[in-house]
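In what follows, a single structure is set out as structure tokens and then discussed.
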Amino acid sequence: MLVYDPKSIESKWQTYWQEHDSHRVNESSGKPKYYCLDMFPYPSGSGLHVGHWRGYVISDAFARFKKLQGYEVLHPMGWDAFGLPAENDAIKKGIHPKESTARNIANFKKQLAQMGAMFDWSREINTSSPEYYQFTQWIFVKMFKMGLAYRKEMPINWCPSCKTGLANEEVVDGGCERCGSTVTKRNMNQWMLRITSYADRLLQDLDKLKWPEKVKKMQANWIGKSIGAHVHFSLVDHPSSIEVFTTRPDTLYGATYMVLAPEHPLVESITTSAQKEAVEAYVKDTLTKSALSRQIFDKTKTGVFTGAYAYNPVNQKAIPIYIADYVLMEYGTGAIMAVPAHDERDFEFAKAFGLPIMPVISPKNAEPITGDAMTEAYVGDGVLVHSGALDGLSVDEAKSKMIAWLEQEQKGSGATTFKLRDWVFARQRYWGEPIPLVHCDACGIVPVPEEELPVLLPDVERYEPTGTGESPLAGIESFVNTTCPTCGQPARRETDTMPQWAGSCWYFLRFVDPHNTKEPFAKEKVDHWLPVDMYIGGVEHAVLHLLYARFFTKVLHDLGVLSFDEPFTQLFNQGMMTLNGAKMSKSKGNVVSPEELIEKYGTDTLRLYELFVGPPEVDAEWNPRAIDGVYRFLVKTYRLVADHAKDTHAVASSDVLKLRHRFIAQLNERIEGFRFNTVVSGFMEFISALQDHPTKVDRETLKALMIVLAPFAPHVAEEGYALLGYTNSVFTETWPQVDGQYLVDDEVEIVVQINGKIRDRMMIALTMSEEAVLESVKSRETMVEALNDKTIVKQIVVPGKLVNFVVK
RNA sequence: GCGGGUGUGGCGGAAUUGGCAGACGCACCAGACUUAGGAUCUGGCGGGCAACCGUGGGGGUUCGAGUCCCUUCACCCGCACCA
């Protein structure tokens with residue numbers, strides 16, 4: 001008797017796939033394309049655990065499913081290989097990041113091979129290889145030429161531990177996204193990418209995407225579009241004016257004071273000598289407070305009067321100008337008009353500083369209240385009061401009328417503001433793509449000519465960040481000293497490198513043409529394969545990688561090298577795998593590694609368990625014992641096929657045909673709906689039903705079973721298919737069709753209820769009319785008895801489901 | 001504070017459009033086979049002796065609610081003085 005031996009089966013078929021080059025994409029098959037992509041990993045030294053497997057198993061199962069459905073499937077894998085861990089390791093141990101990265105990649109590749117996934121390794125890419133990053137640099141040069149890359153001296157987020165600048169997206173709760181250290185501000189001359197000029201499109205085009213609503217919301221919030229107006233306030237006895245942004249131009253009559261951010265450039269010049277000392281002390285105090293304490297913990301309102309006044313443009317009243325740290329220099333104009341009656345923060349501040357509160361919106365059908373009587377700001381809709389020509393209007397009407405007035409009087413204009421900031425794109429670290437620019441005294445900043453790329457990352461003696469704001473590359477004279485591409489005079493190279501995200505912004509494009517040495521990719525190839533049909537990965541990239549990749553795609557679209565402007569049509573975020581309630585991580589010591597599980601149960605069992613463990617989008621706790629259940633299922637499945645394989649005469653009974661077609665119909669729905677946990681339970685039920693069935697199982701049913709099992713447990717499926725006598729791979733088959741005739745029954749069991757409670761069950765023919773059903777139900781002994789002394793008030797018949805009598 | 005999500009047996013979780021709650025698996029219990037069982041197979045397994053009661057709590061709509069509406073509680077995630 002044949003016994004299920006995963007080890008021999010799995011090595012046999014993995015060898016077969018390799019020898020037959022089974023996973024290589026056939027560019028000329030003429031089949032419709034499907035691009036199923038995993039978020040490629042950073043090859044860390046820790047290797048893969050069962051949590052990493054989850055997303056890869058889902059995407060591999062889905063990719064194989066699509067292949068069996070007749071698609072030419074692109075399912076590639078590569079390495080996001082630039083990054084800090086390799087560099088920090090280099091600092092500690094002196095090993096070149098290139099070496100440790102190569103070693104980690106080899107380990108990852110070995111581990112991924114154990115999964116039996118259908119990756120087309122001929123397309124493997126590595127973002128830290130010059131063959132790849134020359135085109136990352138090429139894209140940067142294009143952006144520079146398009147005016148999208150620029151250098152600016154400004155206070156940026158600085159991680160004192162990583163000793164590098166960070167993008168806004170990399171600051172989480174005031175800490176560094178990577179190491180958790182408290183982020184400080186540091187004034188630096190930085191390379192920036194003008195992602196803000198794409199803000200509107202990045203927001204608008206979210207509508208086109210089949211992404212989880214949560215991720216779309218997160219991106220929308222991050223982009224943070226606000227519609228309102230800019231208003232100019234001229235100053236009393238001072239030549240300058242202050243521009244504010246407000247979403248509530250309708251409340252302008254209620255503006256009773258103004259607030260500038262402490263960093264606002266006008267603070268110094270408008271402050272009166274009497275207030276100078278207090279203002280300077282407050283500004284100093286604010287700047288030393290970390291972003292963390294300023295924004296998160298302490299929201300009590302503080303501030304100082306500057307001594308200056310501005311005229312409210314609608315009524316020429318002089319209103320005092322304060323500085324306060326609740327106004328942020330980064331947002332809007334760094335200055336606000338304060339309307340305490342209708343803004344919670346302004347209300348708090350006004351209360352704290354005894355400033356007047358002037359209501360200009362009255363709730364509909366309510367008595368107008370005075371500012372003194374208010375206990376909180378009124379932010380709802382209502383009718384304008386105390387607002388001159390606006391009186392009686394609704395908030396919306398007043399907004400547009402006020403904007404029109406401001407524009408006509410040249411005192412302001414309608415305006416839109418975004419929370420999104422430009423992307424700080426430079427890092428003062430070693431292990432990244434050198435920014436391909438040259439500083440020339442005569443010509444200024446000049447991009448390295450495209451044909452001279454890549455600017456190779458040189459070897460260094462010391463990897464330590466200097467901490468002075470310069471990267472380790474600045475210490476390498478042979479790298480720094482060059483000649484100007486334009487005038488040929490001596491010049492200096494830019495020594496900053498790109499952030500870790502750079503390579504992943506376009507890798508999905510490179511997979512379609514990974515060995516192209518002339519250009520990043522051939523346009524016709526990228527237009528054929530892209531956009532990615534299904535993108536699978538963790539939700540942690542919701543506003544980092546996914547936003548950046550969308551931005552790059554739009555830039556490349558505008559450059560004319562892509563015909564589409566959104567990279568990922570559909571996104572799926574798999575849930576985390578937890579152990580003891582915490583995300584698995586090596587540092588917490590709670591990782592479950594796949595190796596020993598594969599040793600004990602085989603890859604197919606682990607694959608199925610990853611799917612069975614729970615709804616794929618929900619976090620799942622690893623249960624070390626539950627895996628036995630799926631192993632038993634595979635043992636039973638294997639035995640079923642082995643036992644029946646030689647029986648060429650078995651004919652499918654109509655019962656078996658019904659079972660099979662129903663199973664596959666249900667399976668299709670569950671796969672398309674990404675309900676893989678129920679996919680596995682469906683298989684278990686089907687196998688049990690076949691085992692319990694009195695007649696022999698026919699070969700057609702077994703063959704169909706092996707085909708539909710193949711996406712999930714490919715090795716067992718191949719073996720079972722071979723046991724049935726087929727000599728090709730099961731993946732040369734096509735997905736079985738469902739025959740609708742087997743999905744309907746002639747007879748079904750219905751439930752008989754009285755007042756909604758089940759009293760009986762009976763079989764009826766599906767063709768019976770409602771009247772006939774009622775009649776036969778009523779004639780049943782149990783019903784005759786139950787209805788004996790009752791009056792039927794109402795009778796409900798749900799065809800094929802139930803009959804309900806409402807009785808008194 | 002704002003936004004999103006989740007609450008179903010001892011556990012993970014099932015349940016088209018409102019129509020048999022608890023599929024499937026784990027754990028557990030009993031039995032079979034065994035020198036043995038942490039192997040395998042068979043059966044049982046929400047609570048209650050029962051009528052009945054049961055999907056976080058309370059209310060509602062309906063012949064009928066895990067599913068729809070209102071309200072409330074708990075937990076999780078994201079954003080967080082964004083004018």
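Just so it is clear, the structure is predicted and the values come from calculations on it, not from any experiment. Quick note on labels: first sequence line is chain A, next is B, and so on, each numbered from 1.
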No-H, no-angle donor-acceptor pair, A:K301 side chain to B:C81 base, under 3.5 Å: yes

task: Could you check A:V806 against A:V539 and say which one's nearest nucleotide on RNA chain B is further toward the 5' end?
output: A:V806

message: Applying a 4.0 Å non-hydrogen cut-off, can you work out what A:K217 is touching in the nucleic acid: base, sugar-phosphate, or nothing?
response: sugar-phosphate

- prompt: How close or far is atom P of B:C77 from atom CE of A:M576, stated in whole angstroms?
  reply: 8 Å

task: Could you please name the option among B:A83, B:G3, B:C26 that lies closest to any side-chain atom of A:T247?
output: B:A83

query: Excluding sequence neighbours, so at least two apart, what forms side-chain hydrogen bond (donor to acceptor under 3.5 Å, both in side chains) with A:Y322?
result: none

- request: Would you check if the distance from the ring center of A:Y257 to the ring center of A:F349 is below 6.0 Å?
  value: yes

- request: Let me have a per-nucleotide readout for nucleotides 7-19 of chain B, 5' to 3', with B, S or -, counting only protein heavy atoms under 4.0 Å.
  value: -----BSSS-B-B

task: Rounded to the nearest angstrom, tell me the gap between atom CH2 in A:W622 and atom P in B:C26.
output: 15 Å

query: Does a salt bridge link A:E348 with A:K351, judged by any charged N lying under 4.0 Å from a carboxylate O?
result: no

message: Could you tell me if A:Y331 and A:S226 have a donor-acceptor pair between their side chains, going purely by distance under 3.5 Å?
response: yes

field: Phosphate-side-chain proximity, A:K794 and B:C63, N/O vs OP1/OP2 below 4.0 Å
entry: yes

query: In the structure shown, which nucleotide is the Watson-Crick or G-U wobble counterpart of B:A65, with both distances under 3.5 Å?
result: none

query: Does NZ or CZ of A:K301 lie under 6.0 Å from the centre of the six-membered ring of A:Y326, at an angle within 45° of the ring axis?
result: yes

statement: Any strand, both distances under 3.5 Å, Watson-Crick or G-U wobble: B:A27 pairs with none

I'd like a table of donor-acceptor pairs (distance under 3.5 Å, sequence neighbours excluded) in which one partner is a side-chain atom from residues 669-679 of chain A, with atom names and distances.
residue	atom	partner	partner atom	Å
A:R670	NH1	A:T678	O	2.8
A:T678	OG1	A:R675	O	2.8

